[in-house]
Protein chains: 2
Amino acid sequence: MEKIKCDCTVIHEEIVNKVKEFMPAEDTLTGLAELFKVFGDTTRIKILWALSESEMCVCDLAFLLNMTQSAISHQLRLLKQSRLVKNRKEGKVVFYSLADEHVKLIFKQALTHVLE
Amino acid sequence: MEKIKCDCTVIHEEIVNKVKEFMPAEDTLTGLAELFKVFGDTTRIKILWALSESEMCVCDLAFLLNMTQSAISHQLRLLKQSRLVKNRKEGKVVFYSLADEHVKLIFKQALTHVLE
DNA sequence: TGAATAGTTGAATACCTATTCATATATTAA
DNA sequence: TTAATATATGAATAGGTATTCAACTATTCA
């Protein structure tokens, strides 16, 4: 354990206080992190990307990603809880699709960083 | 374990193949997930947000986020490895700042989803 | 030189989470 | 009703990771 306030922070106090003042609410930042956490998994990224091309059922995704249907289903539940995908039922088949256009826009922005 | 190719995927074969064809390279998708993983932590989000306001030294960040300087240092190393922050040394003090403008743009995009 | 400050780092711990496995539900068709 | 298919889900496991703790380095200054 150590003390929090260094000498240099005292010197920088004005800047630090100004930054603190403009920081978004704790909830907002936590929410941001939670959203990015959902994007931060290869399986979910692939699912989201696939759904950005076309709506698909669970076993389509399982086949496409070469994974068990169970694993896909678990991830889809997570994605739905985060309001990133929605679904509709047609007989025994459940089709999933993107909830809105945000996903594509976030992808686009992030790709510019990755592809450099 | 279970078989991968369901009957309904046979029916949807055309769509599934088309989606597969347009999927980005494995490396690209993994890279995307890795980037989002870095954003997917409250501490790192706060650090990045703070640095989007002003460059700061390690102990400034520790004071601002009320965390040990060691914890902050560990996270800064991660952020630097991901090319999201850069640093400069001035005597004993190391100042960190955002590596480029991508961070702000990605934040902005994601916020529109969180704040709805 | 020695003391103090700023920062880094490796190991340990405690928590989280992605996948698997087994099972359950829902729908359709025979 | 029974059998088959599509999906969902709870528990267990294995792998990952954020923070802490205890050193350690680098720099300044007295």
Side-chain angles (χ1 to χ4, degrees), chain A residues 1-12 16 29-30 33-34 36-48 55-82 85-96, chain B residues 1-12 16 30 33-34 36-48 55-82 85-97:
Chain A
M1 214 47 97
E2 52 213 287
K3 73 178 198 297
I4 292 280
K5 197 162 192 169
C6 307
D7 292 350
C8 67
T9 298
V10 175
I11 298 171
H12 306 146
V16 174
L29 294 174
T30 304
E34 292 304 318
F36 284 126
K37 210 172 286 178
V38 176
F39 280 90
D41 176 85
T42 310
T43 300
R44 289 191 293 267
I45 284 283
K46 287 177 181 172
I47 291 175
L48 290 171
E55 83 167 0
M56 295 178 104
C57 70
V58 180
C59 64
D60 287 345
L61 288 165
F63 172 70
L64 183 67
L65 307 190
N66 193 34
M67 293 178 66
T68 66
Q69 163 262 96
S70 176
I72 299 291
S73 184
H74 277 297
Q75 296 300 349
L76 284 170
R77 185 162 51 82
L78 241 166
L79 290 169
K80 203 184 172 193
Q81 282 169 357
S82 308
V85 306
K86 59 182 192 290
N87 56 10
R88 70 184 176 83
K89 201 166 182 181
E90 194 173 288
K92 337 175 235 192
V93 182
V94 179
F95 288 97
Y96 282 83
Chain B
M1 213 47 94
E2 55 211 287
K3 73 178 198 294
I4 292 281
K5 198 159 189 171
C6 305
D7 292 351
C8 67
T9 297
V10 176
I11 298 171
H12 306 146
V16 173
T30 305
E34 292 304 318
F36 285 125
K37 210 173 284 177
V38 176
F39 281 90
D41 175 85
T42 310
T43 299
R44 288 192 292 268
I45 284 283
K46 286 177 182 171
I47 291 174
L48 290 171
E55 84 168 359
M56 295 179 105
C57 70
V58 181
C59 63
D60 286 347
L61 288 164
F63 173 70
L64 182 67
L65 307 190
N66 194 33
M67 293 179 65
T68 65
Q69 165 259 91
S70 176
I72 299 291
S73 184
H74 276 297
Q75 297 300 348
L76 283 170
R77 186 163 50 82
L78 240 167
L79 290 170
K80 205 185 170 192
Q81 282 168 358
S82 308
V85 306
K86 59 182 192 291
N87 57 9
R88 70 185 176 84
K89 200 165 182 181
E90 195 173 287
K92 333 177 240 194
V93 182
V94 180
F95 288 96
Y96 282 84
S97 57

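As a basis for the values below, the full set of heavy atoms in this structure was taken, side chains included, without hydrogen atoms, waters or symmetry mates. Letters A, B, ... mirror the listed sequences (proteins, then strands); counts begin at 1.
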Could you pull out the closest heavy-atom pair between A:V38 and A:S82, with the gap in Å?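 Answer, listing the atom of A:V38 first, then A:S82: CG2-OG, 3.3 Å.
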If you compare all heavy atoms of B:L64 against all heavy atoms of A:V16, which two are closest, and at what distance to 0.1 Å?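 Heavy atoms of B:L64 and A:V16 come nearest at CD1-O, 3.9 Å.
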Base, sugar-phosphate alone, or nothing: which one does [X] contact when heavy atoms must sit under 4.0 Å apart?
X	result
B:K37	sugar-phosphate
A:Y96	sugar-phosphate
A:L61	nothing

Going by the rule side-chain hydrogen bond (donor to acceptor under 3.5 Å, both in side chains), which residues pair with B:E90 if we only count those two or more places apart in sequence or in a different chain? B:R88
Between atom [atom1] of [X] and atom [atom2] of [Y], what is the distance when rounded to the nearest 0.5 Å?
X	Y	atom1	atom2	result
A:L61	A:L76	CG	CG	6.0 Å
A:L79	A:T43	CG	OG1	10.0 Å
A:K92	A:C57	NZ	SG	11.5 Å
A:Q75	A:T42	CD	OG1	10.5 Å

On the 0 to 90° scale, with breaks at 30° and 60°, tag the A:F36-B:F39 ring pair as parallel, tilted or perpendicular. tilted
Would you mind reading off the distance between [X] atom [atom1] and [N] atom [atom2], rounded to a whole angstrom?
X	N	atom1	atom2	answer
B:I72	C:dG7	CD1	P	11 Å
B:D60	C:dG7	CG	C1'	13 Å
B:D41	D:dG16	CG	C1'	13 Å
A:F63	D:dT5	CZ	P	17 Å
A:F95	D:dA6	CZ	C1'	11 Å
B:L76	D:dA18	CG	P	13 Å
B:N66	D:dT20	CG	P	10 Å

Pair assignment for D:dA30, Watson-Crick or G-U wobble, requiring both distances under 3.5 Å: C:dT1
Could you go through nucleotides 10-12 of chain D and list every protein N or O atom that sits under 3.5 Å from one of its N or O atoms, giving the distance for each pair?
unit_1: D:dG10; atom_1: O6; unit_2: A:H74; atom_2: NE2; d: 2.8

It should be established whether A:T68 places a side-chain nitrogen or oxygen under 4.0 Å from OP1 or OP2 of nucleotide C:dT20.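 Yes, A:T68 has a side-chain N/O under 4.0 Å of OP1/OP2 on C:dT20.
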Under 4.0 Å: is that the gap between some side-chain N or O of B:Q75 and OP1 or OP2 of D:dT19? yes
Pairwise 5' ranking along DNA chain C for A:L78 and A:C8, keeping only the more 5' one: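 Between the two, 5'-proximity favours A:C8.
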Verify, without hydrogens or angle tests, whether A:R44 (side chain) and A:K37 (backbone) share a donor-acceptor contact under 3.5 angstrom.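 Indeed, once roles are kept as given, a pair shorter than 3.5 Å links the two residues.
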Protein within reach of the bases, or only the backbone? For nucleotides 25-30 of chain D, mark each nucleotide 5' to 3' as B, S or -, using heavy atoms under 4.0 Å. -SBS--
Flag the pair B:L48 / B:V85 as yes when at least one side-chain heavy-atom distance between them is below 4.5 Å, and no otherwise. yes
Counting only side-chain heavy atoms from C-beta out, which of C:dT20, C:dG7, D:dA6 sits nearest to A:A71? C:dT20
